[in-house]
Every structure is written in C-alpha cells, then in structure tokens.
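What you see below is based on every heavy atom in this structure, not just the backbone, and it leaves out hydrogens, waters and symmetry mates.
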Amino acid sequence: MTRLPLFPLGTVLFPGLLLPLHVFEDRYRALVRDLVDAPEEARGFGVVAIREGREVGDGGIRSLHPVGCLADLRQVEPRPDGRFDIVATGARRFRIDSVDATSRPYLQAEIEYLDEPDGDAADGLARTVAVLWGAYRQALTGKSPEDADELPDEPVVLSYLVAAATILDLSDKQRLLEEPDTTSRLRRELSILRREAIVLRLLPSLPAVELTRAAVSPN
C-alpha cells in the first residue's frame, strides 16, 4: 500500500493526459504547498472522481469512486493571494483501500497501484477503434477520418486517448478507467463509439439538453 494525497474532482483523469487546475480552496492550497516542499519524485497526488457530492465547500464530498489516477505535478504558478495555477500529468491508475480525513486539511488515502495488462485482443480492437474514432471526430468537427492515422500505435495509449477525448458523462468515463485491461477498455469504447454514431446521426432531432452531458469542473 502507498499513501497518497487526494484531489477529488467532478471529472475523470486518465494516464497520459494533462490536467490544468486553478487551486483556490485552503485545503488544496495546503496540498500544493506540501507537494512543492516534497522531493521531486514524490510530487504526486491522486485524482479521483466524486461519486456523491460536489467539489467545493465544507462537507461537499460524500463518497468517491474507488479507482483514480496518480497525477504528477509538472508546473506550479503561485498567485499573490495564495492561490495556485498548476499543471499535472496523469500517470498510473490506483484503487483506494482506505481514506484518512483527519491527518491533514485534505484527504489522504492508502492506495494500491493497478497493473496495465493488454488482454488477449488489444491490437485488433485498437485498429477498429481508431477507424470508428476517426468517423466520430469527423461527425463532430468535419476533420477527415484519415486523421485517425495520427493516433498512437500502442493500444493502451490509444484506449486512454479515446476515453478522454470522447464526449461522455462521468459514469461512462469512470467505467473506462476501471476496466481491468486494455482489451476490455477497447471493447467498451467500440460499443460506445457505435452508440455515439447513432446519436450523431439523429442529432438534428434531439433536444438541446442532449448536447450538454459532460460535466464542467470549477477548478
């Protein structure tokens, strides 16, 4: 087990993705100060999605999802009033074993890092997901599906990029983060992209509320 400071958010962080944050609450200012004072190799914190509650305010967080992602602190810009603008990078998934809410102003957890096995069919699924992702992006942006050739070759990297870039609600993204291996994640993404293709074909007839499924973080 490893002890890790937690930064709960109303979003999901995936390995390899950048996370810019504006840190304004006192407890998370303390977290950033502690990280800055730590050795460079220990400047990591856990980003975990909130299952019940909200990001800001006392008592706002009632429960957390069990799987999160280690974020390595890469850049810190202090402001004169004590706030911080930071940039972190998603590194490794972890599962929470227990949470300590009393030792520091912010939450800490005993966590176990999760492996990243490929599974039994990652390469073939990755090629199919890349094609569907190209069609999905074309439907949203007008870019050619041929741009899918620019996607990473490694199935695990592709799986996290698609998970992060597809417009989904938090529950879908959390399930993708929790998948036990790359094959399982790509299979779920295949199903999601097929579902989203149907939604996009029907888009002109959908009410506007369907376009706002992704939550926005105040941080």
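Judged as a side-chain hydrogen bond (donor to acceptor under 3.5 Å, both in side chains), not a single pair has a partner in residues 38-49 (not counting sequence neighbours).
When the side chain to side chain contact (heavy atoms under 4.5 Å, CB included) test is applied to A30, the partners found at least two apart in sequence or on another chain are R33, P105, Y106. A164 is linked by a side chain to side chain contact (heavy atoms under 4.5 Å, CB included) to F14, L17, counting only residues two or more places apart in sequence or in another chain. Evaluation of the side chain to side chain contact (heavy atoms under 4.5 Å, CB included) rule for S191 yields no partner, not counting sequence neighbours. For P66, the side chain to side chain contact (heavy atoms under 4.5 Å, CB included) criterion is met by R51, R95, E178, not counting sequence neighbours.
At least one donor-acceptor pair closer than 3.5 Å links the side chain of Q174 to the backbone N or O of V67. Not a single donor-acceptor pair under 3.5 Å links the side chain of K173 to the backbone N or O of L168.
Side-chain contact between L19 and V47 is present, with heavy atoms from C-beta onward closer than 4.5 Å. Taking 4.5 Å as the limit, every side-chain heavy atom of F45 sits out of range of all side-chain heavy atoms of V32. Side-chain contact between D100 and R3 is present, with at least one heavy-atom pair separated by less than 4.5 Å.
Other residues, nucleotides and ligands place no more than 12 heavy atoms under 6.0 Å from the CZ atom of R127.
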Can you give the donor-acceptor pairs under 3.5 Å from side chains of residues 111-126 to other protein atoms, not counting sequence neighbours?
| residue | atom | partner | partner atom | Å |
| --- | --- | --- | --- | --- |
| E116 | OE1 | Y160 | OH | 3.0 |
| E116 | OE2 | R93 | NE | 2.8 |
| E116 | OE2 | Y160 | OH | 2.6 |

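Taking CG from L107 and OG1 from T102, the interatomic distance works out to 10.0 Å, rounded to the nearest 0.5 Å.
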